[in-house]
Asks: 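Sending over a structure as structure tokens; questions will come in a sec.
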Amino acid sequence: EEMTLNDYVMLLRYQGTWEKFRPAFGGTANTVYAKLEPLPLLRNDVFHFRRELTVEEYDVLRDRRDWLLTRIRKLEANRGFNKND
């Protein structure tokens with residue numbers, strides 16, 4: 001409840017916990033970290049500083065959203081998850 005988005009991103013990078021997350025994210029902890037690393041700063045810019053995002057920053061958000069949705073779908077498929085359950 002008290003964790004920030006940055007805390008979650010850092011938790012994924014920590015080698016002591018990475019093996020638990022690897023099936024969901026694939027790749028390496030460093031690769032996943034590199035993908036997710038810009039998100040906490042962008043989130044803070046929007047929610048705390050009310051800064052407008054650039055087109056490039058929207059592209060980063062869209063790319064990461066799509067990547068995460070793909071990872072979720074793959075994980076659900078591997079677990080036999082059915083949205084109607």
Side-chain angles (χ1 to χ4, degrees):
E1 239 176 75
E2 301 295 322
M3 289 181 68
T4 66
L5 183 55
N6 189 60
D7 292 336
Y8 287 117
V9 171
M10 293 305 294
L11 182 64
L12 291 173
R13 191 169 195 198
Y14 178 62
Q15 294 299 320
T17 58
W18 172 244
E19 285 305 312
K20 294 185 186 297
F21 294 108
R22 190 176 53 76
F25 289 100
T28 67
N30 288 335
T31 301
V32 172
Y33 176 78
K35 279 196 153 311
L36 301 178
E37 186 263 336
L39 299 181
L41 292 176
L42 290 174
R43 184 230 175 255
N44 287 346
D45 284 348
V46 170
F47 287 102
H48 294 293
F49 304 115
R50 309 281 189 218
R51 180 178 70 79
E52 291 288 325
L53 297 179
T54 66
V55 171
E56 292 80 15
E57 290 168 330
Y58 274 111
D59 288 345
V60 168
L61 289 176
R62 188 178 307 110
D63 176 70
R64 294 335 184 261
R65 177 204 60 201
D66 293 347
W67 179 77
L68 285 168
L69 287 172
T70 299
R71 298 307 313 164
I72 290 167
R73 288 182 188 116
K74 285 181 180 180
L75 183 63
E76 288 173 347
N78 288 341
R79 291 185 175 174
F81 180 82
N82 184 342
K83 289 182 181 180
N84 297 323
D85 286 346

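Counting from 1, the numbers follow the sequence of the chain as shown. What you are looking at is a predicted structure, and each value in this text was computed from that prediction instead of being measured.
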Asks: What are the two closest non-hydrogen atoms of Val9 and Pro40, and how far apart are they?
Replies: CG2-CG, 4.1 Å
Asks: Just wondering, do Arg51 and Val46 contact through their side chains at under 4.5 Å, heavy atoms?
Replies: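 No; the side chains remain at least 4.5 Å from each other.
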Asks: Kindly indicate, with the supporting measurements, whether the criterion side chain to side chain contact (heavy atoms under 4.5 Å, CB included) is fulfilled by Asp63 and Lys35.
Replies: CA-CA 9 Å; Asp63 176 70; Lys35 279 196 153 311; 3.8 Å; yes
Asks: Can a salt bridge be assigned to the pair Glu76 and Arg73 using a cut-off of 4.0 Å between side-chain N and carboxylate O?
Replies: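 No, this pair does not count.
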Asks: Could you tell me the separation between the CG atom of Leu68 and the CZ atom of Phe25, rounded to the nearest 0.5 Å?
Replies: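 CZ of Phe25 is found 6.0 Å from CG of Leu68.
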Asks: How long is the gap from CZ on Phe49 to CG on Asn44, to the nearest 0.5 Å?
Replies: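 Between atom CZ of Phe49 and atom CG of Asn44 there are 6.5 Å.
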Asks: Do Val32 and Trp67 come close enough that some side-chain heavy atom pair is under 4.5 Å?
Replies: yes
Asks: Quick check for you: to the nearest 0.5 Å, what is the distance between Arg79 atom CZ and Lys74 atom NZ?
Replies: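 Those atoms lie 15.0 Å apart.
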Asks: Is there a path of hydrophobic side-chain contacts, each under 4.5 Å between heavy atoms of I, L, V, M, F, W or Y residues, that connects Leu75 with Leu69?
Replies: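 They do not share one cluster, since no chain of ILVMFWY contacts under 4.5 Å joins Leu75 to Leu69.
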Asks: Tell me whether Tyr58 is reachable from Leu36 by hopping between hydrophobic residues (I, L, V, M, F, W, Y) whose side-chain heavy atoms are closer than 4.5 Å.
Replies: yes
Asks: Roughly how far, to the nearest 0.5 Å, is the CG atom of Leu11 from the CG atom of Asp7?
Replies: 8.5 Å
Asks: Would Tyr8 and Tyr33 show up in the same hydrophobic cluster when neighbours are defined by side-chain heavy atoms closer than 4.5 Å?
Replies: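 Yes, it is one cluster - the side chains of Tyr8 and Tyr33 are joined through contacts under 4.5 Å.
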Asks: Can Leu5 be reached from Met3 by stepping across I, L, V, M, F, W or Y side chains whose heavy atoms are under 4.5 Å apart?
Replies: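 Yes; tracing contacts between hydrophobic side chains, which count when under 4.5 Å, links both residues.
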Asks: Between Pro38 and Val60, what is the shortest heavy-atom contact and its length?
Replies: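 For Pro38 versus Val60, the nearest heavy atoms are CG-CG1, 4.2 Å.
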Asks: Report the distance from atom CG of Leu61 to atom CD of Glu57, rounding to the nearest 0.5 Å.
Replies: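 So the gap between those two atoms works out to 7.5 Å.
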Asks: Using 0.5 Å steps for rounding, measure from the CZ atom of Arg64 to the CG atom of Leu42.
Replies: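 One gets 9.0 Å once the value is rounded to the nearest 0.5 Å.
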